[in-house]
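To keep things clear, I will list the structure first and then write my remarks on it.
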Amino acid sequence: MELSQEQVRHIAKLARLGLSDDEVKKFSTQLTNILQYVEILSEVDTSSVEATNQVTGLKNVMREDAVNGDWTTRDELLGCSELPVERDQIRVKPAIE
Amino acid sequence: MDLLSLSILELHDGFMKKKFTSQEVTRAYLQQIVEKNTVLNAYVLTTQDSALEQAAESDRRYTEGKPLSVLDGIPCGLKDIFNTKGVRTTCCSKMLERFVPPYDATSVTKLREAGVVFLGKTNMDEFACGGSSEHSCYGPSMNPVDPSRVAGGSSGGSAAAVGGGLAAFAMGTDTGGSIRLPAAFCGCVGLKPTYGRISRSGVTAMASSLDTIGHFTKTVGDSAAILQVLAGHDPRDATTPDVPVPDYLKDLEKGVKGMTFGLPKEYFAEGVDPEIKESVLAAAKIYEQLGAKVIEVSLPATKYAVAMYYIVMPAELSANLARFDGIRFGSRPKQEGESMVDYFFNARAEGFGAEIKRRIMIGTYVLSAGYYDAFYNKALKVRTLIKQDFDRVFGEVDALIAPTVPLTAFKPGEKMEDPVAMYLADALTIPANAAGIPAISIPCGKTASGLPVGLQIFVPQFQEAKLFQVARAYEDALKI
């Protein structure tokens, strides 16, 4: 399994991750090495094995659908943003032309 | 009296008997930080003023005869991934270099309510990704035993703080070994509890199905005392099962007579430093002398653990770190670009370091169309096999004994350009995260060159009381 520089650029695009040309080159080699290493899993027969998504046996943990105001306030959470806040909203760049 | 050498339980006893005060102990630790932090780089932020205020309040409680817990007045370091209200929490990433959380993590709240004194925030690999703390945007933490070597990671600052006498205890997180590995490197006790035993709420998520909260201490008894305060169900973390919290100190000194321990042969395979094997086998001999039976067992899926982990973990990480886009959370980039999409690319390019980028890339790749089954689903099935191995052997043995890490503390730069070599350092710690079982690393002698070796003990889920009992028996045997 080899990850070409073109594929690296494609994955970076999916992840919304800006990469320099040097990073693309380096990651192409390093990610190829990692993917070659994990190929060891193909030698394991898992045809009759279920996937493990959780380990402690919990199922459908529910809670009341209620606002819990004792934790943080709206203003405190908006204050985590470094962008300007107007009328309880974060002002961002245009998403559509 | 050397205040810095005392365990939590000894400090509490001293406070009760008015031998010394929390302010004296806190000042001694703060002084030690001033003297040693330049070399060790254990702390990335110290909160001296509030620490002294907290200590003064604690002293008043002891004067009134009403301490809040055995942890009252005890100075602690917090890995910089625990949200602390009003105190900068960076995950040692440029992405969060100015982030001040509006609330405390549940574990921090519990420590606060127990009267703990917070000395500051400790260094770590960026977003807890790494085995050496070299991926911190503040540079690596160095090893208190040999400062030319790394403290390990990702919770390297917390390990260096406890090992170097810069905190009475310190909090960390362990997703694939990030508490046990640096504990082994720095010669302290590191606990990774059962998955979900301590709430993860308010601790920045790395890989949610594997992340656990734990701590570094000087002794096994201290580790038990802290878990007593932190364990339990939390409505804010839906993955904390409502399993009763037993008294962790009750059976601590009951010994191991009549118990059976397993030595998993895969943990002594090629690639494990012979001196480390020797130390751990010597520990097994001590357990036999203490009346335990030691047998060889096999966990055949162990050899696939690292490969499984480097699929499942990045997959979960890439999803968790998607929230860091410079809008609600994360640094606003210097170059913003013209559009929203440009802004995302730039914020994440500027904010994340190389290892985070690598892991986001792997995670995105293995979850992408056409590869999900071949990689991610396959890895989840292999995870089942790893868990089944443990389930099976725990039918025969009370606990498993193994090395914590296949190697001792290395020098900075040795593995930075070879990610796979760095990942293999986690080979013996990952399986416990995969199975959700508790594990502890305790000091187990030193190599000829003077570097600490870690002895790792595993027990079934939610049997931490037995884990402490087994670990304590060895600790006591070394004292005699």
Side-chain angles (χ1 to χ4, degrees), chain A residues 3 7-8 10-20 23 26-27 30-31 33-58 60-64 68 71-73 75-83 90 92-97, chain B residues 98-99 101-103 194-196 209 235-236 238-239 241 301 303-304 306-308 310-311 318 325-332 336-346 348-349 352 354 357-358 360-362 364-365 368 375 377-385 387 419-420 435-436 461:
Chain A
L3 215 56
Q7 280 173 298
V8 168
H10 174 66
I11 300 159
K13 200 174 158 193
L14 293 176
R16 299 289 183 268
L17 191 60
L19 295 183
S20 67
E23 282 176 318
K26 193 160 126 183
F27 284 171
Q30 289 181 337
L31 299 183
N33 288 344
I34 294 166
L35 291 173
Q36 276 167 356
Y37 176 77
V38 303
E39 257 176 41
I40 186 180
L41 296 190
S42 63
E43 72 183 50
V44 191
D45 178 10
T46 52
S47 50
S48 57
V49 181
E50 296 265 334
T52 290
N53 288 292
Q54 56 78 32
V55 287
T56 50
L58 289 172
N60 298 336
V61 179
M62 312 292 262
R63 65 169 175 84
E64 285 288 303
N68 185 349
W71 199 347
T72 50
T73 65
D75 286 344
E76 282 174 334
L77 285 172
L78 283 168
C80 294
S81 178
E82 296 191 354
L83 290 170
I90 298 167
V92 296
K93 301 224 164 268
I96 330 164
E97 293 295 311
Chain B
R98 292 177 293 272
F99 178 58
Y103 61 88
T194 304
Y195 178 78
S209 80
R236 287 178 182 170
T239 61
K303 70 184 264 210
Y304 304 111
V306 174
M308 178 284 303
Y310 278 92
I311 294 171
S318 67
D325 55 10
I327 297 180
R328 287 179 306 150
F329 299 103
S331 301
R332 188 174 178 171
E336 294 194 7
E338 295 300 314
S339 67
M340 193 67 242
V341 169
D342 290 346
Y343 183 90
F344 286 141
F345 278 95
N346 292 337
R348 291 159 68 78
F352 290 135
K357 287 177 181 169
R358 260 194 298 271
I360 289 175
M361 295 287 291
I362 303 168
T364 306
Y365 178 73
S368 63
F375 286 103
N377 216 21
K378 178 81 184 187
L380 293 181
K381 289 179 177 179
V382 173
R383 184 173 181 180
T384 304
L385 297 175
K387 186 167 187 299
V420 173
Q461 287 186 0

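Here is the naming used below: chain letters follow the sequence lines, and residue numbers restart at 1 for every chain. Keep in mind that this is a model prediction, so the values were computed, not measured.
With a 4.5 Å cut-off on non-hydrogen atoms, A:Glu39 does not touch chain B at all. Residue B:Lys387 touches chain A through its side chain alone, counting heavy-atom pairs closer than 4.5 Å. Looking at A:Ile40, both its backbone and its side chain come within 4.5 Å of chain B, counting heavy atoms on both sides. For chain B, the nearby parts of A:Thr46 are the backbone and the side chain; heavy atoms of each come within less than 4.5 Å. At a 4.5 Å heavy-atom cutoff, the contact between B:Thr384 and chain A is made by backbone and side-chain atoms alike. Using a 4.5 Å cut-off between heavy atoms, B:Ala379 touches chain A through backbone and side chain atoms alike. Only the side chain of A:Leu3 comes within less than 4.5 Å of a heavy atom in chain B; its backbone stays farther off. Interface residue A:Leu83: backbone and side-chain heavy atoms are both found under 4.5 Å from chain B.
Counting heavy-atom pairs closer than 4.5 Å to chain A, the top-ranked of the candidates B:Phe344, B:Tyr365, B:Phe375, B:Tyr310 is B:Tyr365.
Across B:Pro102 and A:Glu76, no two heavy atoms sit closer than the pair CB-CB, 3.6 Å. The nearest pair of heavy atoms linking B:Ile360 to A:Ala15 is CG2-CB, 3.7 Å. Counting all heavy atoms, side chain and backbone alike, B:Arg358 lies closest to A:Leu31 at O-CD2, 3.9 Å.
Every residue was checked against the salt bridge (charged side-chain N to carboxylate O under 4.0 Å, His left out) condition with A:Lys13, not counting sequence neighbours, and none meets it. With sequence neighbours left out, B:Phe329 forms a side-chain contact (heavy atoms from CB on, under 4.5 Å) with A:Cys80, B:Phe99, B:Phe324.
Here the side chains of A:Ile34 and B:Pro419 are in contact, with some heavy-atom distance below 4.5 Å. For the pair A:Leu41/B:Ile311, a side-chain contact is recorded, criterion being any heavy-atom separation below 4.5 Å from C-beta on. Looking only at side-chain heavy atoms (C-beta outward), B:Asp325 and A:Arg16 stay at 4.5 Å or farther from each other. Residues B:Arg236 and A:Trp71 form a side-chain contact, since some pair of their non-hydrogen atoms from C-beta on lies under 4.5 Å apart. At least one side-chain heavy atom of B:Lys303 sits less than 4.5 Å from a side-chain heavy atom of A:Glu43.
Of the charged side-chain nitrogens involved, none lies within less than 4.0 Å of a carboxylate oxygen, so that B:Lys381 and A:Glu50 do not count as a salt-bridged pair. Between B:Arg328 and A:Glu82 there is no salt bridge, since no side-chain N of the basic residue sits under 4.0 Å from a carboxylate O of the acidic one. A salt bridge links B:Glu336 with A:Lys93: at least one charged nitrogen is closer than 4.0 Å to a carboxylate oxygen.
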